[in-house]
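The structure appears below as structure tokens.
Counting convention: from 1, in listed order, for ligands and their atoms alike. These numbers come from a predicted model, not from an experiment. What you see below is based on every heavy atom in this structure, not just the backbone, and it leaves out hydrogens, waters and symmetry mates.
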Amino acid sequence: MDIKRIGIVGAGQMGNGIAHVCALAGYDVLLSDVRDEALSEALTQIGRNMDRQVSREKISQSDRDEAMERIGTTLKLTDLGPTDLIIEAATEREDIKNAIFAELVPVLKPETILTSNTSSISITRLASRTDRPERFMGFHFMNPVPIMQLVELIRGIATNEDTYNACQSVVTRLDKTSATAEDFPAFIVNRILMPMINEAVYTLYEGVGTVTSIDTSMKLGANHPMGPLELADFIGLDTCLAIMNVLHDGLADTKYRPCPLLTKYVEAGWLGRKTNRGFYDYRGDTPTPTR
Ligand SMILES: CC(=O)CC(=O)SCCNC(=O)CCNC(=O)[C@H](O)C(C)(C)COP(=O)(O)OP(=O)(O)OC[C@H]1O[C@@H](n2cnc3c(N)ncnc32)[C@H](O)[C@@H]1OP(=O)(O)O
Ligand SMILES: NC(=O)C1=CN([C@@H]2O[C@H](COP(=O)(O)OP(=O)(O)OC[C@H]3O[C@@H](n4cnc5c(N)ncnc54)[C@H](OP(=O)(O)O)[C@@H]3O)[C@@H](O)[C@H]2O)C=CC1
């Protein structure tokens, strides 16, 4: 299938990054969200990130301007009807994702491919609630999307070969690399990464280290580009907790028990960078540890 128009649902940090790379690769993009401010903030963020790429001579000014022109926005999900590929990147909650697909399905062309950027939720289960499980896949980008090379491709039990090949060709056109994962809770990257982040939160909770000593240890002791708590703030603590819950429920093993301190931060609304406070407080000039 020849994909020309891509509909993206959710204009948060992932949705804006996905719109950015798809538009630069020449796709027409329609980005939707439930809040107008989310759409305007996404356009501002994309413009800023592309300006940085222009200043570093990664792209030309005309590449930037043409890509920005290819991005449309809408508050009406049903406007995504004429697109060829949907990439759903809304909040990591199965009820929200199911409701989005339920509203979209009646207006889509029969051949349109549905995908989710979910970090952890069963692709087979999401697909089974739609009219096209054979044309449904996991299309999992990494954050920050313009920089990270990997896209995890996840087949649901019913996904057909044409769908997989069409998604693979999009990954190739985006100049990214795919890794194929089977559809089990949190797939590959988050099955490995999230228990490490959760363990870092336990290390903090049990007083083994402070925010600074834990992050310094992993940055200088294991050469990670970000410490695990800094990375958790970057991903979003609500997303980290949602992924741990999917691992815990889906694999029924106590080793995936979310740390109560992670739950407490989420309950406080301290979700990390996106709310200006998490394991660090971002409201001042430099991030300050909150513990
Ligand atoms: C939760 C999930 O489901 C899956 C996931 O995504 S898990 C998260 C995966 N991501 C990671 O693990 C990221 C770990 N962190 C890193 O790799 C690095 O810290 C980083 C790339 C984010 C920043 O690198 P850095 O060297 O500290 O910063 P900096 O030099 O300012 O930036 C490096 C590049 O990233 C770009 N960049 C940084 N943050 C960015 C952002 N939020 N959006 C877009 N581009 C960004 C910079 O412009 C710069 O680009 P160039 O190389 O083209 O100049
Ligand atoms: N953060 C990360 O590092 C990564 C996240 N992911 C996955 O990507 C998805 C999005 O995550 P992320 O961008 O971080 O989350 P964000 O919280 O930054 O963005 C989610 C966006 O979706 C919007 N939204 C909520 N409900 C709907 C709806 N019904 N229709 C349209 N938009 C809606 C939210 O609006 P509002 O703010 O009003 O609720 C928000 O703007 C999740 O599935 C996550 O697991 C995948 C890879 C990495």
Can you see which heavy atom on [X] is nearest to which on [Y], and at what distance?
X: Asn245; Y: Pro258; value: OD1-CG, 3.3 Å
X: Leu153; Y: Ser178; value: CD1-CB, 3.8 Å
X: Leu75; Y: Arg35; value: CD2-C, 3.6 Å

Which bit of [X] gets closer than 4.0 Å to ligand 1, counting heavy atoms only: side chain, backbone, both or neither?
X: Val189; value: neither
X: Met142; value: both
X: His140; value: side chain
X: Gln53; value: neither

Tell me which protein heavy atom sits closest to [atom], plus the residue, atom name and distance to 0.1 Å.
atom: atom 18 (C) of ligand 1; answer: Pro225 CB, 4.0 Å
atom: atom 7 (S) of ligand 1; answer: Leu193 CD2, 3.4 Å
atom: atom 45 (N) of ligand 1; answer: Arg52 NH2, 3.2 Å
atom: atom 52 (O) of ligand 1; answer: Lys58 NZ, 3.6 Å
atom: atom 2 (C) of ligand 1; answer: Asn190 ND2, 3.3 Å
atom: atom 43 (N) of ligand 1; answer: Pro144 CB, 3.5 Å
atom: atom 9 (C) of ligand 1; answer: Asn143 O, 3.4 Å
atom: atom 54 (O) of ligand 1; answer: Arg56 NH1, 2.3 Å

Would you check if the side chain of Thr115 reaches a backbone N or O of Ile86 as a donor-acceptor pair within less than 3.5 Å?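 Yes, the answer is positive, given that a donor and an acceptor are paired below the 3.5 Å cut-off.
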Is there a donor-acceptor contact under 3.5 Å from the side chain of Thr91 to the main chain of Arg93?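 No, the answer is negative, given that no donor and acceptor are paired below the 3.5 Å cut-off.
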[X] bridged to [Y] by N-O distance under 4.0 Å:
X: Arg155; Y: Asp183; answer: no
X: Glu230; Y: Lys219; answer: yes
X: Arg173; Y: Asp175; answer: no
X: Arg135; Y: Glu111; answer: no

Is_contact([atom]), protein non-hydrogen, under 4.0 Å:
atom: atom 26 (O) of ligand 1; result: no
atom: atom 12 (O) of ligand 1; result: yes
atom: atom 37 (N) of ligand 1; result: yes
atom: atom 23 (C) of ligand 1; result: no
atom: atom 29 (P) of ligand 1; result: no
atom: atom 16 (C) of ligand 1; result: yes
atom: atom 20 (C) of ligand 1; result: no

Go through ligand 1 atom by atom and flag the ones less than 4.0 Å from a non-hydrogen atom of [X].
X: Ile235; answer: 1 (C), 7 (S)
X: Leu231; answer: 11 (C), 12 (O)
X: Met148; answer: 9 (C), 10 (N), 11 (C)
X: Ile147; answer: 21 (C), 34 (C), 35 (O), 36 (C), 37 (N), 45 (N), 46 (C), 50 (O)

Does Ile188 sit in a hydrophobic cluster with other residues, and if so which ones, taking ILVMFWY side chains as linked at heavy-atom separations under 4.5 Å, directly or through other members?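 Result for Ile188 is Ile192.
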Can you classify the ring geometry of Phe279 versus Tyr265 as parallel (below 30°), tilted (30 to 60°) or perpendicular (above 60°)?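 Taking Tyr265 first and then Phe279, their aromatic rings sit tilted (interplane angle of 30° to 60°).
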Determine which pairs satisfy salt bridge (Lys or Arg N to Asp or Glu O under 4.0 Å) with at least one residue from residues 270-280, sequence neighbours left out, and list them in order.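 Output for this query lists Asp238-Lys274.
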Holding to salt bridge (Lys or Arg N to Asp or Glu O under 4.0 Å), I want the full list of residues that pass it with Glu267, two or more places apart in sequence or in another chain.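 So Glu267 forms no salt bridge (Lys or Arg N to Asp or Glu O under 4.0 Å) with any residue.
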Applying a heavy-atom distance cut-off of 4.0 Å, which protein residues contact ligand 2?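 Protein residues near ligand 2 are Val9, Gly10, Gly12, Gln13, Met14, Asp33, Val34, Arg35, Ala38, Ala89, Ala90, Thr91, Glu92, Ile96, Lys97, Ile100, Asn117, Thr118, Ser119, His140, Phe141, Asn143, Ile235, Thr239, Lys274.
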Between Leu30 and Ile6, is any pair of side-chain heavy atoms under 4.5 Å apart?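 With C-beta onward as the side chain, the pair stays apart.
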Hey, are the side chains of Phe139 and Val170 touching, using non-hydrogen atoms and a 4.5 Å cut-off?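 Side chain of Phe139 against side chain of Val170, heavy atoms only: contact under 4.5 Å found.
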Is His224 in contact with ligand 1, taking contact as a heavy-atom separation below 4.0 Å?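 Judged by the 4.0 Å heavy-atom criterion, His224 does not count as contacting ligand 1.
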Quick check on Thr239 - does any of its heavy atoms sit under 4.0 Å from an atom of ligand 1?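 No, Thr239 has no heavy atom closer than 4.0 Å to ligand 1.
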Verify the neighbour count for atom CD of Glu206: are there more than 12 heavy atoms of other residues, nucleotides or ligands below 6.0 Å?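 Yes - once you tally the heavy atoms of other residues, nucleotides and ligands closer than 6.0 Å, there are more than 12.
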Does atom CG of Leu150 have more than 12 heavy-atom neighbours from other groups under 6.0 Å away?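 Correct, the count exceeds 12.
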Side chains of Thr239 and Glu92: do they bring a donor and an acceptor to under 3.5 Å?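 Result is no, nothing qualifies.
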